[in-house]
Amino acid sequence: MLTIQMDMLQTAALAMLLFLLGRFIVNHVDFLKRCCIPAPVVGGLIFAILHLVTYQTGILTLEFDETLRVAFMDFFFTSVGFGASIKLLKKGALPVMIFLLLATIMVTMQDLVGVGMAGLFDLDGRMGLCMGSVPLVGGHGTSASFGDTFQKAGVEGALTVAVACATYGLVAGSLMGGPLGRWKIKKYNLKPHVTAEDEKLGEPETVYLTKSEKLDSNTFLDSFVLIIIATGIGTYINAYFDGKITLPTYMGAMIVALIIRNVSDWRKIELPMHAIDISGNVCLNIFLAIALMTLKLWELAALAVPMIVTLLVQTLIMFLFASFIVFRVMGRDYEAACM
């Protein structure tokens, strides 16, 4: 079999070509657009399936340098950390705490189901966690971190299963969330609550934009400077906890970003938040494209049946929980439907 090794830049270039392919397909397939399926997921999955075919037929296999996948994953989660403002949290503390409690219940249920189903199929319980909240709530970043940890502890195939389940969770969540929310809104004829503050957001923009709203080369540069600094410092936090507690690789960076954001709020220093959000979204798309296209689907063959059955059970439970618990507890209004 012919094996081609792709370096860091070649891997990134191929990922971006697949992103463009995915964006083209999403823009021309109404179903994908309505369900908010991300372009890198579409392009990456198409390539992963093609790679599976070439591998199984003995034609070709590709080996990738995934250095940039890890880097852009950390950059994305760091940008999320900058959004954790205690000052803003205080304004909606009660709904946030209620939703946090619901999410905690949900992830506990997912892990119990995952471990229980793993037991039914005579699998390691940690493999069940790779089909529970680790991928379905944590996503690709958490899956890559904990999957690698489980694999090093002797759970063969944990990383591939976790990332595959994260991919399923991303697609299933997109397919389920939009239609379910739309159904609730139409069924109960729900309308968004509009406050005086919301109405101000609809006023025409002026040239006097604040730093947090402005978008130019300087603010984008500032946003990447902040993200990279927080990511770098965060590695020391991860190194300190190494061996004491298992943390995703991005956790230290998120903690540093959270500290920077809240100190800035306290000192009334404006951060380029709009630019940080956009920069984070760019990093997310690059990370997802690389993560999806490097998926080795052939490693899932032996675990296909238990994984499919477990994910179907998880999907059913998630649907029922979101529709009948989250919607009702959060107030049965437009915002609850969106949640």
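Between the side chain of His28 and the backbone N or O of Phe24 there is at least one donor-acceptor pair closer than 3.5 Å. Distance alone, capped at 3.5 Å, is enough to place a donor-acceptor pair between the Asn238 side chain and the Thr249 backbone. Between the side chain of Ser323 and the main chain of Leu320, no donor-acceptor pair closer than 3.5 Å is present. The backbone N or O of Asp277 sits nowhere less than 3.5 Å from a side-chain atom of Asn281 that would complete a donor-acceptor pair. At least one donor-acceptor pair under 3.5 Å links the side chain of Gln314 to the backbone N or O of Met131. The main-chain N or O of Leu159 is found under 3.5 Å from a side-chain atom of Gln151 such that the two form a donor-acceptor pair. Under the 3.5 Å distance criterion, the side-chain polar atoms of Ser79 are matched with a main-chain donor or acceptor of Phe76. Remark: side-chain polar atoms of His274 are not paired, donor with acceptor, to backbone N or O of Leu215 under 3.5 angstrom. The backbone N or O of Gly139 sits nowhere less than 3.5 Å from a side-chain atom of Thr142 that would complete a donor-acceptor pair. A donor-acceptor pair is defined here as one N or O able to donate and one able to accept, closer than 3.5 Å; no such pair exists between the side chain of Asp65 and the backbone of Gln5.
Cluster membership for Phe287 and Leu17, using ILVMFWY side-chain heavy atoms within less than 4.5 angstrom, is not shared. The cluster map of Ile, Leu, Val, Met, Phe, Trp and Tyr, joined by side-chain heavy atoms under 4.5 Å apart, puts Val313 and Val137 in different clusters. Both Val263 and Ile276 belong to a single network of hydrophobic side chains, linked directly or stepwise wherever heavy atoms of I, L, V, M, F, W or Y lie under 4.5 Å apart. Grouping the Ile, Leu, Val, Met, Phe, Trp and Tyr side chains by contacts below 4.5 angstrom, directly or via other members, places Ile308 with Leu52. In the hydrophobic clustering of this structure, Leu18 does not group with Val163; members are Ile, Leu, Val, Met, Phe, Trp, Tyr whose side-chain heavy atoms approach within less than 4.5 Å, directly or through other members.
With Leu288 as the fixed residue, the side chain to side chain contact (heavy atoms under 4.5 Å, CB included) test singles out one of Ile290, Asn285, Leu284: Leu284.
Smallest separation of non-hydrogen atoms from Tyr334 and Lys191: CB-O, 3.3 Å. Annotation for Ser143 and Pro135: closest pair OG-CA, 3.1 Å, computed over non-hydrogen atoms. The two residues Ile185 and Ala337 make their nearest non-hydrogen contact at CG1-CB, 3.7 Å. In this structure, Leu68 and Met8 approach most closely via the heavy-atom pair CG-CG, 3.3 Å. When all heavy atoms are compared, the tightest approach of Leu295 to Ala164 is CD1-N, 4.1 Å. Between Ser223 and Pro272, the shortest heavy-atom contact is N-CG, 4.1 Å.
Annotation: side chain of Thr11 is not in contact with side chain of Glu66 (no heavy-atom distance under 4.5 Å). Leu312 places none of its side-chain heavy atoms less than 4.5 Å from the side chain of Leu316. Put simply, the side chain of Phe241 reaches to within 4.5 Å of the side chain of Ile237, judged on heavy atoms. Using a 4.5 Å cut-off on side-chain heavy atoms (C-beta onward), Phe64 and Met293 make contact. The closest side-chain heavy-atom distance from Leu303 to Leu123 is below 4.5 Å. Using a 4.5 Å cut-off on side-chain heavy atoms (C-beta onward), Leu21 and Phe47 make no contact. Looking only at side-chain heavy atoms (C-beta outward), Ile4 and Leu60 come within less than 4.5 Å of each other. Counting heavy atoms from C-beta on, the side chains of Val326 and Met106 never come closer than 4.5 Å.
Note that CZ of Phe321 is 14.5 Å distant from CZ of Phe327, once rounded to the nearest 0.5 Å. Atom CZ of Phe224 sits about 10.5 Å away from atom OG1 of Thr231, to the nearest 0.5 Å. Within the model, atoms CG of Leu129 and CZ of Phe146 stand 9.5 Å from one another, a figure rounded to the nearest 0.5 Å. Rounding to the nearest 0.5 Å gives a distance of 13.5 Å between NZ of Lys33 and CD1 of Ile25. To the nearest 0.5 Å, the span separating NZ on Lys87 from CG on Asn262 amounts to 10.5 Å. In this structure, CG on Leu297 lies 9.0 Å from OG1 on Thr160, to the nearest 0.5 angstrom.
Counting heavy atoms of neighbouring residues, nucleotides and ligands inside a 6.0 Å radius, atom NZ of Lys244 exceeds 12 of them. With a 6.0 Å radius and a threshold of 12 heavy atoms from other residues, nucleotides or ligands, Ile86 has its CD1 atom at or below the threshold. The number of heavy atoms from other shown groups lying within 6.0 Å of CZ (Phe121) is above 12.
In this view, Phe77 and Tyr250 satisfy the ring pair (Phe, Tyr, Trp, His ring centres under 6.0 Å) rule, not counting sequence neighbours. By the salt bridge (Lys or Arg N to Asp or Glu O under 4.0 Å) test, Glu335 is found to be paired with no residue, residues two or more places apart in sequence or in another chain being considered.
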Side chain to side chain contact (heavy atoms under 4.5 Å, CB included) between Arg23 and Val26, intermediate numbers included: CA-CA 5 Å; Arg23 187 167 66 179; Val26 170; 5.8 Å; no
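Under 3.5 Å, the side chains of Thr219 and Asp216 contain a donor-acceptor pair of N or O atoms.
Grouping Ile, Leu, Val, Met, Phe, Trp and Tyr by side-chain contacts under 4.5 Å, direct or through others, puts Leu100 with Met97.
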